[in-house]
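We count residues from 1, following the sequence as given.
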Amino acid sequence: MPLASIPSPSQGVWYLGIIPIRAYALCIVLGVVVAVWLSERRWVARGGQKGTIIDIAVPAVIFGLIGGRLYHVITDWQTYFGSRAIKEPYQALFIWEGGLGIWGAIALGGVGVWWAVRKRGISMSAVADTVAPGIAFAQAIGRWGNWFNQELYGGPTTLPWGLEIDVDHGGEPGVLYHPTFLYESLWDVALGFLLILAGKRFALRHGRLFALYVAGYTLGRFWIEGLRIDPVGGVDHAVTFLSLRLNQWTALVLFVGALVYLWLTRNKDTEEIVLPIGLAADPAHESGQADPGSSDAPADVESGTPAEAAAERTETAGDDPDTPAADVVADVDDESKEKNPR
């Protein structure tokens with residue numbers, strides 16, 4: 001047996017009175033907090049409105065948790081249903097016991113983001129590029145929940161960083177296993193920093209940075225998934241097709257899809273909306289406030305600056321041949337001087 005190894009935690013849940021505090025849930029929450037914090041900073045730096053990412057995160061997280069659990073239950077349905085089930089059907093709802101498929105979390109979480117950005121009138125692709133590094137870091141943190149649960153580990157190894165697994169969790173005495181949670185966590189951290197650097201170095205807009213995240217994550221997940229021995233799709237063995245596990249096929253399809261998207265959008269350079277102008281009801285504004293010039297603004301408040309008013313009147317004058325545009329501009333200039341005497 002190697003002299004060095006990684007021990008597994010003796011427990012993954014603590015009790016505050018009768019309230020259980022689960023390490024798996026804490027890792028997920030911490031990952032979400034880091035992702036939202038980083039994404040909010042990146043969005044504001046891009047010119048977006050403060051608080052936008054925080055608002056979007058609420059439906060994204062809710063939809064993401066549902067999607068992640070659905071993917072797990074669908075791909076591992078034999079664990080909960082059928083004659084060979086080792087758990088009761090109602091335990092499919094026990095998300096704290098582990099079992100969140102990142103594929104389902106991203107897919108359904110994306111639906112939540114789409115719903116939120118559609119209401120705000122901003123570009124989905126701009127938001128996707130902004131949150132991509134944060135998602136990678138969130139996954140890196142969330143993977144440590146698997147360590148506390150002693151799950152999703154790899155095959156036996158004699159490497160000095162082999163992982164100890166208790167017999168109650170499928171381990172054998174004296175045998176160490178590949179710490180795939182650690183491999184993926186390190187890969188995700190490196191990917192997160194790579195995305196930040198790539199976003200600064202290259203013009204990766206219109207969802208291209210998010211596509212790079214998908215390609216980078218699935219590339220790492222493909223080989224890490226090949227090390228795992230958990231029975232994805234089955235009860236006592238993993239379901240494979242052409243010697244590849246189910247999640248490896250998912251990673252392969254998404255990797256190719258990301259590359260195709262990068263190629264198809266390589267020359268796309270149209271404007272993306274990060275701060276819509278004239279939004280009638282901006283959810284980020286406090287109650288009772290409205291954008292100047294919107295339908296919610298008071299009627300006796302003139303919208304915009306004198307220059308903007310001049311532009312509007314000049315445009316109107318262009319439609320009226322009896323009103324010279326120069327007279328309109330001069331009139332507005334005189335009005336501005338009356339309001340702001342020198």
Check your understanding: Should V113 and W43 be counted in the same cluster of Ile, Leu, Val, Met, Phe, Trp and Tyr side chains packed under 4.5 Å apart?
Key -> yes
Study note, to complete from the structure: Of all heavy-atom pairs linking A140 and V189, the shortest is CB-CG2, 3.6 Å
Check your understanding: When you measure from the side chain of T218 to the backbone N and O of A215, does any donor-acceptor pair fall under 3.5 Å?
Key -> yes
Check your understanding: Would you find a donor on one side and an acceptor on the other, under 3.5 Å apart, between the side chain of S39 and the backbone of A35?
Key -> yes
Point to revise | Sidechain-backbone polar pair: E40 side chain, I53 backbone, donor-acceptor under 3.5 Å | key: yes
Review point. Going from OH on Y177 to CD1 on I165, what distance comes out if it is rounded to the nearest 0.5 angstrom?
Key: 7.5 Å
Study note, to complete from the structure: In short, P7 meets W147 closest at the heavy-atom pair O-NE1, 3.2 Å
Check your understanding: Do M124 and L195 share a hydrophobic cluster, counting only Ile, Leu, Val, Met, Phe, Trp and Tyr and linking them when any side-chain heavy atoms are less than 4.5 Å apart?
Key -> yes
Study note, to complete from the structure: Across all chains, not counting sequence neighbours, the side-chain contact (heavy atoms from CB on, under 4.5 Å) partners of V58 are I62
Review point. Would you say the side-chain atoms of T180 pair up with the backbone N or O of L152, donor to acceptor, closer than 3.5 Å?
Key: yes
**Study point:** Nearest heavy-atom neighbours spanning E151 and G145
**Key:** OE2-O, 4.5 Å
Point to revise | CH2/W161: more than 12 non-hydrogen atoms of other groups inside 6.0 Å | key: no
Point to revise | Residue pairs fulfilling side chain to side chain donor-acceptor pair (under 3.5 Å) with at least one residue in residues 204-215, sequence neighbours excluded | key: Q139-Y213
Review point. Counting N and O atoms only, with roles assigned by atom type, does the side chain of S123 sit under 3.5 Å from a partner on the main chain of I273, one being a donor and the other an acceptor?
Key: yes
Check your understanding: Below 4.5 Å, heavy atoms only, C-beta onward: do I122 and V274 meet side chain to side chain?
Key -> no
Review point. Can you list every side chain to side chain donor-acceptor pair (under 3.5 Å) pair that touches residues 250-262, not counting sequence neighbours?
Key: Y71-T250
Point to revise | Same cluster (ILVMFWY, side-chain, under 4.5 Å), F255 and I224 | key: yes
**Study point:** Verdict with supporting geometry, Y183 and H178, side chain to side chain donor-acceptor pair (under 3.5 Å)
**Key:** CA-CA 9 Å; Y183 297 162; H178 279 289; 2.9 Å; yes
Review point. Who pairs with F241 by ring-ring contact (aromatic ring centres under 6.0 Å, His included), at least two apart in sequence or on another chain?
Key: W249
Exercise for review: For the residue pair Y217 and I106, establish whether any side-chain heavy-atom pair is separated by less than 4.5 Å.
Suggested key: no
Exercise for review: Output the distance between atom OG1 (T130) and atom CD1 (I56), rounded to the nearest 0.5 Å.
Suggested key: 9.0 Å
Study note, to complete from the structure: Applied to residues 128-148, the salt bridge (Lys or Arg N to Asp or Glu O under 4.0 Å) test, sequence neighbours excluded, yields R143-E184
Point to revise | Partner set under salt bridge (Lys or Arg N to Asp or Glu O under 4.0 Å) for E272, not counting sequence neighbours | key: R46
Check your understanding: With distance as the sole criterion, is a donor-acceptor pair present between the side chains of E164 and S8 under 3.5 Å?
Key -> no
**Study point:** Any residue meeting ring-ring contact (aromatic ring centres under 6.0 Å, His included) with F193, in chain and number order, not counting sequence neighbours
**Key:** F137
Review point. Which residues satisfy the side-chain contact (heavy atoms from CB on, under 4.5 Å) test with V256, sequence neighbours excluded?
Key: V260
**Study point:** Qualifying residues under ring-ring contact (aromatic ring centres under 6.0 Å, His included), relative to W114, sequence neighbours excluded
**Key:** none
Review point. Distance from L65 atom CG to I28 atom CD1, nearest 0.5 Å?
Key: 7.5 Å
Point to revise | Rounded distance (nearest 0.5 Å) linking atom CG of L93 with atom OH of Y80 | key: 9.5 Å
Review point. For W115, what residues pass the side-chain hydrogen bond (donor to acceptor under 3.5 Å, both in side chains) criterion, not counting sequence neighbours?
Key: none
Study note, to complete from the structure: Minimal heavy-atom distance between I141 and C27, with the atoms involved, is CG2-O, 3.5 Å
Point to revise | Steps toward side-chain contact (heavy atoms from CB on, under 4.5 Å) verdict (L182, W144) | key: CA-CA 7 Å; L182 180 60; W144 286 84; 3.8 Å; yes
Practice item. Indicate yes or no: at least one non-hydrogen side-chain atom of R245 is less than 4.5 angstrom from one of D230. Key: yes
**Study point:** Donor-acceptor pair, side chain of Q248 and main chain of W223, under 3.5 angstrom
**Key:** no
Revision key, fill the gap. Hits for side-chain contact (heavy atoms from CB on, under 4.5 Å) against V29, two or more places apart or cross-chain, chain-then-number order -> V33
Practice item. Inspect the surroundings of CD in Q11 and state if more than 12 heavy atoms from other residues, nucleotides or ligands are less than 6.0 Å away. Key: yes
Check your understanding: Side-chain heavy atoms under 4.5 angstrom apart, residues restricted to Ile, Leu, Val, Met, Phe, Trp, Tyr: same cluster for L242 and L252?
Key -> yes
Exercise for review: For W103, enumerate each residue passing the side-chain hydrogen bond (donor to acceptor under 3.5 Å, both in side chains) test, keeping only those at least two apart in sequence or located in another chain.
Suggested key: N247
Practice item. Determine, stepwise, if the pair Y153 / L227 fulfils side-chain contact (heavy atoms from CB on, under 4.5 Å). Key: CA-CA 8 Å; Y153 47 85; L227 298 174; over 6 Å; no
Check your understanding: Between V111 and L108, is a side-chain contact (heavy atoms from CB on, under 4.5 Å) present by the stated rule, with each step listed?
Key -> CA-CA 5 Å; V111 174; L108 208 56; 4.2 Å; yes
Point to revise | Which atom of W187 lies closest to which atom of G216, heavy atoms considered | key: NE1-O, 2.9 Å
Review point. What heavy-atom pair brings V175 and P156 nearest, and what distance separates the two atoms?
Key: CG1-CB, 3.9 Å
Point to revise | R118 atom CZ, neighbour heavy-atom count above 12 within 6.0 Å | key: no
Review point. In terms of hydrophobic clusters joined by side-chain contacts under 4.5 Å, are F63 and I102 together?
Key: no
Exercise for review: Determine whether F181 and L163 make a side-chain contact, defined as any pair of heavy atoms from C-beta on separated by less than 4.5 Å.
Suggested key: yes
Check your understanding: Can you check whether W263's main-chain N or O pairs, donor with acceptor, with R266's side chain at less than 3.5 Å?
Key -> yes
Check your understanding: Could you walk me through whether L244 and F222 pass the side-chain contact (heavy atoms from CB on, under 4.5 Å) check?
Key -> CA-CA 9 Å; L244 295 179; F222 182 85; 4.0 Å; yes
**Study point:** Rounded distance (nearest 0.5 Å) linking atom CG of L262 with atom CG of L204
**Key:** 8.0 Å
Point to revise | D188/R221 ion pair, N-O < 4.0 Å | key: no
